[in-house]
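Reviewing the structure listed below.
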2 protein chains.
Amino acid sequence: MRSLTIKDVADKAGVSVATASRVLSGHPSTSAEARTAVTEAAQELGFRPNAQARSLRKTTTETIGLVLPDVRNPFFADLAHAIEQRARDFKYLTLFGNANESAEQQDRYFDVMLSQRVDGLIAAPLGDLESLRSILDSGIPTVFVDRVIADTDVPSVTPDNVTGVQEAVRHLTDQGHRRIGYIAGPQSTSTGRERLAAYQDALASTEADDDADLIFFGDFQAASGAAGARHLLELAEPPTALLAADSLMSIGAIGVCNERGIGIGADLAFVAYDDIEAFALLNPALTVIAHDVDAMGRQAVEMLTQVIAGETPASVILPSRLIIRGSTPPLPGGTAL
Amino acid sequence: MRSLTIKDVADKAGVSVATASRVLSGHPSTSAEARTAVTEAAQELGFRPNAQARSLRKTTTETIGLVLPDVRNPFFADLAHAIEQRARDFKYLTLFGNANESAEQQDRYFDVMLSQRVDGLIAAPLGDLESLRSILDSGIPTVFVDRVIADTDVPSVTPDNVTGVQEAVRHLTDQGHRRIGYIAGPQSTSTGRERLAAYQDALASTEADDDADLIFFGDFQAASGAAGARHLLELAEPPTALLAADSLMSIGAIGVCNERGIGIGADLAFVAYDDIEAFALLNPALTVIAHDVDAMGRQAVEMLTQVIAGETPASVILPSRLIIRGSTPPLPGGTAL
DNA sequence: GGCCGCCATGGAATCGTTTCCATGGAATCG
DNA sequence: CGATTCCATGGAAACGATTCCATGGCGGCC
């Protein structure tokens, strides 16, 4: 079954290939007869232009690449959705690649997307400048979202990783907590680093303990949250409150608490990162550090279109805020202020 | 900045374009000198072959398209992940499109992916045979996953939508329930139809009520689950147990219960579809109808490679099973058997 | 030593589209 | 009415890779 080309359409319509192409791509100088003949012929044959050939000639593909670390993380699923919907408004189709928190898979996606000549790239990158060198050098319009890479001038839209954590720590100390455990994200990501630093800074300005062993380093996946909870709860002097740096690690940690019969809220205060729908359903509902995922996605797409247009938009930081729910009541026997 | 072509590499390496191409695509008859010269030149220039040109000449793109109804539904996020990982094993890159439960967006993705000449397509389709006619007619290797379209011979891998529901209904009646509300999925999807039919059949073989108004028709999204819960709980004779046909509607429904202070388990038994990680964290944990998402994804990819190879694999139905947890205790004042 | 065949190589055709350029006819203007 | 512009059209070049085909060198074999 040889594939159907524009030549078949042209033949059927009795015009030249050039005319057929003009009609099909909406070029103004075409006659009414040519238009109807070609349109009908194309319709009848079920012609679908070969995008490869088209974008080989034009240098644009009308697609953007999106590389995110983990589809199964609800935060990134929401982000992907937001980006995709906004990109549609600009007639871009979003090709979504899931890096699975692996630098190697991420780089493969970058490579293939560059080969596919996407018109632009949105990514929440992992790894360092060196490994991304080839993307940046390729000159493809790029915007970072959620995460950034140090020492690049790639425009980015990121959450405010400081304020939310500060508020959370202050809230917990206000509730009487002095030992606040922290399940950190990987230090190879900007969000992991910034949130940890914010936690440490916030602690420093309170009277709460800042023992290094209150910090557990996870990898943003559920299993490491579980490991973190186990480790922290088994300390000689365990924390009375827990803060986890993303939603999946929160899920893992809460699973461990349930297993051990430790009541969230009652026996252990808990603050999760990212306002996942399911967190509001827990009983008690979870106090979370939330940010506006939709805004982040929309912003990233808008910035990318600017970069594609040759502008250099300024990076944006979107606010986070603490949403206080039932998982962080005052510490029962705690040293009330 | 004119883009870098294989000709630049050939010039730098001092060989012809043909030789450069052979080296870069691993053709056997190349000399060691040519190999090193070309490889070095390509490396040094940072050459990245243009995939458009390449797949215009070869007729394969080494990509598969994946069109799913909703990334934000954890079931589909997991499915996408499973498909993507298995596709990697076959050297396929997965281009993922999110149809957003909209036939129009779905069709646009199909269209673009066909234009991009993906080597194959995996989809959880919505809509009817007519609207998908053009995809099926195009002859592109296709596999349906999770959902199917009636009257096609497209191979599919679907969950057993009957057994799980049957077990759930039986379990609930065993626990003493006589009024079991059902929040159904859209009847435009095969899963929506089959699960509803299974619920109705299962009810018929018990002594439980089978009032039509125990059924609410949702659309697989959270808001409709909430609407369904509101509607069912306000019936003159409200159900004592609720069964929802997917995870997002379950989340919506549980949200309403929390709002109204209706205790899941205590005041209302609840069975959700799909075993989402977060469901196990609720207190009490949710009884769910589970299926093996990973297996479904892997199976779909394997079937697709068979279709691409020209074979016609038989459709597969994967088992579902009921996982009983705390949300379905015996009905307190219920007519125990 | 001559012939055959293999292998690395370069030139050119090819994939399917868009677009440049030349052409000829119609329309417009003074 | 003649000159100029405009516009629809077709032929052919171009995009950047792969691959067919022809060629020439070399080794092996009788």
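Per chain, numbering begins at 1; letters A, B, ... match sequence-line order. Computed from a predicted model, the values in this text were never measured in an experiment.
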- Whom does dG10(C) pair with, Watson-Crick or G-U wobble, provided both distances fall under 3.5 Å? dC21(D)

- Task: Tell which nucleotide pairs with dC29(C), taking only Watson-Crick or G-U wobble pairs whose two distances are both under 3.5 angstrom.
- Result: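 In the structure as shown, dC29(C) has dG2(D) as its Watson-Crick or wobble partner.
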
- Task: Answer with yes or no whether the side chains of Thr30(A) and Arg35(A) bring together a donor and an acceptor at under 3.5 Å.
- Result: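 Thr30(A) and Arg35(A) do have a side-chain donor-acceptor pair below 3.5 Å.
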
Separation of [X] atom [atom1] from [N] atom [atom2], in whole Å?
X	N	atom1	atom2	answer
Asp8(B)	dG16(D)	CG	P	9 Å
Lys58(B)	dG16(C)	NZ	C1'	18 Å
Leu24(B)	dG16(D)	CG	C1'	13 Å

- Task: Give the intermediate values and the outcome of side-chain contact (heavy atoms from CB on, under 4.5 Å) for residues Phe47(B) and Asp8(B).
- Result: CA-CA 9 Å; Phe47(B) 172 68; Asp8(B) 301 314; over 6 Å; no

Heavy atoms only, 4.0 Å cut-off, all strands: where does [X] land among base, sugar-phosphate and nothing?
X	answer
Ala34(B)	sugar-phosphate
Val17(B)	base
Ser21(A)	base

- DNA chain D: Gln52(B) or His27(B), which has the more 5' nearest nucleotide?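 The residue whose closest nucleotide sits nearer the 5' end is Gln52(B).
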
Return the [atom1] to [atom2] distance between [X] and [Y], rounded to the nearest 0.5 Å.
X	Y	atom1	atom2	value
Asp294(A)	Gln85(A)	CG	CD	9.5 Å
Met113(B)	Arg48(A)	CE	CZ	13.0 Å
Met303(B)	Ile308(B)	CE	CD1	12.0 Å
Thr142(B)	Ile64(B)	OG1	CD1	11.0 Å
Leu66(B)	Leu95(A)	CG	CG	12.0 Å
Leu4(A)	Asn50(A)	CG	CG	11.0 Å

- Item | Close side-chain approach of Thr19(A) and Arg22(A), heavy atoms under 4.5 Å |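 Result yes, sub-4.5 Å side-chain heavy-atom pair found.
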
- Non-hydrogen side-chain atoms of Val307(B) and Pro313(B) separated by less than 4.5 Å: yes

Hey, what are the protein-to-nucleotides 13-15 of chain D N/O distances that come in under 3.5 Å?
{"unit_1": "dA14(D)", "atom_1": "N3", "unit_2": "Arg57(A)", "atom_2": "NH1", "d": "3.4"}

- Query: Which comes earlier along DNA chain C counting from the 5' end, the contact point of Ser25(A) or that of Pro28(B), where each point is its nearest nucleotide?
  - Reply: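 Mapping each residue to its closest nucleotide by heavy atoms, the 5'-most match is Pro28(B).
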
- Message: If you assign each of Phe47(A) and Ala18(B) to its closest nucleotide in DNA chain C, which residue comes earlier from the 5' end?
- Response: Ala18(B)

Report, one pair per line, the protein and nucleotides 21-29 of chain C atoms (nitrogen or oxygen only) whose separation is under 3.5 Å.
none

- Message: Measuring to OP1 and OP2 of dA8(C), would you say a side-chain N or O of Ser29(B) lies under 4.0 angstrom away?
- Response: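 Yes, within the criterion.
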
- Query: So does Ser16(A) get a side-chain nitrogen or oxygen closer than 4.0 Å to the phosphate oxygens (OP1/OP2) of dG11(D)?
  - Reply: no

- Keeping the roles fixed (side chain from Thr61(B), backbone from Ser55(B)), state whether a donor-acceptor pair exists under 3.5 Å.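 The answer is no, because no donor-acceptor pair under 3.5 Å joins these two groups.
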
- Contact check, residues 112-121 of chain B vs DNA chain D, heavy-atom distance under 4.0 Å, returns none

- Over all heavy atoms of both residues, which pair between Ile149(A) and Asp128(A) is shortest? Give the atoms and the distance, please.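 Scanning both residues completely, I find the closest heavy atoms to be CG2-C, 4.1 Å.
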
